[in-house]
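It should be emphasised that the depicted structure is a prediction, and the values quoted were computed from it without experimental measurement. Just the heavy atoms: all of them, side chains too, but no hydrogens, waters or symmetry mates, feed the values below. The chains referred to below are lettered A, B, ... by the order of the sequence lines, with proteins before strands, and numbering in each begins at 1.
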Amino acid sequence: MSEEKYVPKTKLAEWFDSRLPLLSLSHHLKSYPTPKNLNYWWTFGGILTFCLITQIVTGIILAMHYVAHTEHAFASIEHIMRDVNYGWLMRYVHSNGASMFFLAVYIHIFRGLYFGSYKAPREMIWIIGLAIYLLMMATAFMGYVLPWGQMSFWGATVITNLFSAIPLIGESVTNWLWGGFSVDNPTLNRFYSLHYLLPFLIFGLVILHIWSLHVPGNNNPIGIDVKKGSNETMPFHPYMVMKDLLALLAFLLLFFAFVFFLPDFLGHPDNYIPADPLITPAHIVPEWYLLPFYAILRAIPSKLGGVIFMFASIFVLVGLPWLDSSKVRSATFRPIYRKFFWVLVVTVILLGYLGAKPPEGIYLILARIATAYYFIHFLILLPLLGRYEKTDPLPMSISDPVLDKPGVLDKFKEMAGKYEGENVGSFK
Amino acid sequence: MTNKVEQKRRNFLFTATYTIGAVGLGAAVWPLVDQMNPDASVKALSTTEVDVSSIEPGKEITVLWRGKPIFIKRRTEKEISEAAKVDLKDLKDPEKDSDRAKNPEWLVMIGVCTHLGCVPLKNKGEYKGWFCPCHGSHYDTSGRIRKGPAPTNLEIPKYEFVENNIIKIG
């Protein structure tokens, strides 16, 4: 199915579309050709869009009741939880929504890693995606500060102090970020302002992300180029829309299981203690989705070094399309990369686990090994694999892996023979 | 010939315009950046006076200065001698104890770990000074970093004894 040009059906539509081609855009979005073999790992783009809109809607509502002042912030959160109609629901959807957002984005990123979706000609999609991910982390971090509990305060202190590691200008930079000499009311106020702003920047980047996707079209589990004008693609609506919606419903089951039954499971109880600049909680842990980076930060026995490695662990991903020089996209046809992919998944999960543990003894040793492996994977293994890995032969078309099995066509004809209806004549 | 002169003149005018434009833009952006720096009301709170007469030897109090905890410790003879006899070669950030405590009995420090800003716990750690629970930095009885990720010793704020028992910080 190839994409047809929009042809206005009425004079009014023609008048409107020639002045502002919104109807053409909507037609493009509906008929956008998607490979017919996309699996459920491809539904997370839609799920993420849902997460972003949910966060923006609940966030705007929370902002109607929240007070960004050190003396009132904590109380205003309790006011939302106890007094505001459905305030508890809005806040729990927003706080668990952040976790769900990150869960979905990690699946989305690892799907890209497995199927080589970052490779030419899709490098821009990947890089814009990383920018979105960075903004998501900044937004989530600043949002976590707003309730002004102990974890909010000390999390903000530790993270903003990362910048004090910069030689010479570090202290001026942190004072500038704080608007004072420590995390205090000016800091809370500006974090609130930025926490409100950044989601809209993310929204803008999401539009660019989708735009850059619609130029080359989707990658697919086989990883070979689909022939656009052929029966290898289907229009986005209704086929992908329906599939995305089904996946979204399954995702919502998990989402609302947390919201209704385990609303504080992913949070930290210390954040229900109002912020106190004189007492640091015994264990400062960031939210689960930042733990792998926290583990890397603490694994390096130097302040500046830890900060550099932590940021490098994200920025190394920008170079991924060039570090992975293999021309074969999908790990399905890369027997060695496939194994290393799963080692990387385990390494990142291990780093997450270690980030929640105190940095001593075996935990510290493991964190160092895992950190080293993380960088070895991207900087050494991928370039070597691109050069030396013997990949499996690629099919000629995305239909082959299904149709090439012996007896498949006969079985299909037999099934079609039993079916009485329109459009089966050609199969019979 | 005239064309070449024209071209040169035009290039010069473009460059001059861009330059002036960049300076103007920079001047316009600076207030937008500088507004985030500590404001007058924050800077105004920059001194605190503390009465230390009630602190027994070996005890420590914590006061708040510029939103940060300040440790005021009245050290025992043992703690002072332990701090004084350390070989400077063993230190990550070499500093004599006598340079850190003008009056050896009183140690006044910013109680903020120089690693990532947590508040260290007193009388803890391998050097019986302070210990930061966040990322495991150990400080000695002079507040000097001995082990762990912190790069420098606990910072000494500007302070003076305005009277016998009154310390002015800032």
Side-chain angles (χ1 to χ4, degrees), chain A residues 70 153-165 167 170-187 189-191 193-194 275-286 294-295 297-307 310 358-361 363-364, chain B residues 30 32-48 60-72 92-93 110-122 124-126 130-138 145 147-152 155 157-158 169-170:
Chain A
T70 50
F153 183 88
W154 290 102
T157 299
V158 167
I159 299 299
T160 49
N161 263 303
L162 293 179
F163 294 93
S164 71
E171 200 185 332
S172 327
V173 171
T174 37
N175 284 347
W176 177 74
L177 286 173
W178 290 335
F181 305 102
S182 59
V183 172
D184 211 330
N185 198 46
T187 325
N189 261 299
R190 63 192 55 182
F191 277 17
S193 168
L194 294 173
D276 181 349
L278 292 179
I279 300 163
T280 307
H283 289 291
I284 297 188
V285 254
Y294 196 57
L297 168 75
R298 301 189 305 181
I300 310 293
S302 129
K303 181 172 166 177
L304 181 60
V307 175
M310 188 183 73
E360 54 200 28
Y363 299 129
L364 188 58
Chain B
W30 175 244
L32 305 179
V33 174
D34 188 45
Q35 52 81 25
M36 279 174 70
N37 272 317
D39 64 30
S41 73
V42 171
K43 284 183 186 158
L45 300 170
S46 54
T47 63
T48 304
E60 175 189 326
I61 62 162
T62 306
V63 296
L64 211 56
W65 172 69
R66 286 176 158 185
K68 285 177 180 171
I70 299 293
F71 294 161
I72 302 177
K92 191 173 179 182
D93 178 15
I110 299 178
V112 171
C113 181
T114 54
H115 181 224
L116 293 173
C118 297
V119 179
L121 305 169
K122 60 187 170 192
K124 283 249 169 75
E126 290 173 23
W130 288 265
F131 171 70
C132 180
C134 290
H135 308 102
S137 293
H138 300 255
I145 179 67
K147 190 181 167 192
T152 56
E155 205 184 321
K158 195 169 154 254
I169 303 162

Exercise. Quick one: which of B:P69, B:C118, B:P149 has the most heavy-atom pairs under 4.5 Å with chain A, could you say?
Key: B:C118
Quiz item: Going from OG on A:S182 to CD1 on B:I110, what distance comes out if it is rounded to the nearest 0.5 angstrom?
Solution: 10.5 Å
Quiz item: Nearest 0.5 Å, what's the CH2-CE distance between A:W178 and B:M36?
Solution: 13.0 Å
Practice problem: Counting only heavy atoms closer than 4.5 Å, note whether B:V33 contacts chain A via side chain, backbone, both or neither. | Solution: both
Practice problem: Check A:G180 against B:P38 and note the closest heavy-atom contact, atom names and distance. | Solution: N-CG, 3.6 Å
Quiz item: Which bit of A:F163 comes within less than 4.5 Å of chain B, counting heavy atoms only: side chain, backbone, both or neither?
Solution: neither
Quiz prompt | Check: A:K303 side chain, B:H115 main-chain N or O, donor-acceptor pair, under 3.5 Å | solution = yes
Practice problem: Please report the closest heavy-atom contact between A:Y294 and B:H135, naming both atoms and the distance. | Solution: OH-NE2, 2.7 Å
Quiz item: Side chain, backbone, both or neither: which part of A:L162 has an atom under 4.5 Å from a heavy atom of chain B?
Solution: both
Practice problem: Decide side chain to side chain contact (heavy atoms under 4.5 Å, CB included) for B:V119 and A:I279; before the verdict, give the C-alpha distance in whole Å, the side-chain angles of both, and the deciding distance to 0.1 Å. | Solution: CA-CA 7 Å; B:V119 179; A:I279 300 163; over 6 Å; no
Quiz item: From B:L116 CG over to A:S164 OG, what is the distance, rounded to the nearest 0.5 angstrom?
Solution: 6.5 Å
Practice problem: Please check if atom CD in B:E126 has more than 12 non-hydrogen atoms from other residues, nucleotides or ligands closer than 6.0 Å. | Solution: yes
Practice problem: Give, as side chain, backbone, both or neither, the part of A:L297 having an atom under 4.5 angstrom from any heavy atom of chain B. | Solution: side chain
Practice problem: Considering non-hydrogen atoms only, spot the tightest contact between A:R190 and B:Q35 and give its length. | Solution: NH2-O, 4.4 Å
Quiz prompt | Region of A:P186 in contact with chain B, defined by heavy-atom distances below 4.5 Å | solution = side chain
Practice problem: State which residue, out of A:V285, A:T280, A:T157, fulfils the side chain to side chain contact (heavy atoms under 4.5 Å, CB included) condition with B:C134. | Solution: A:T280
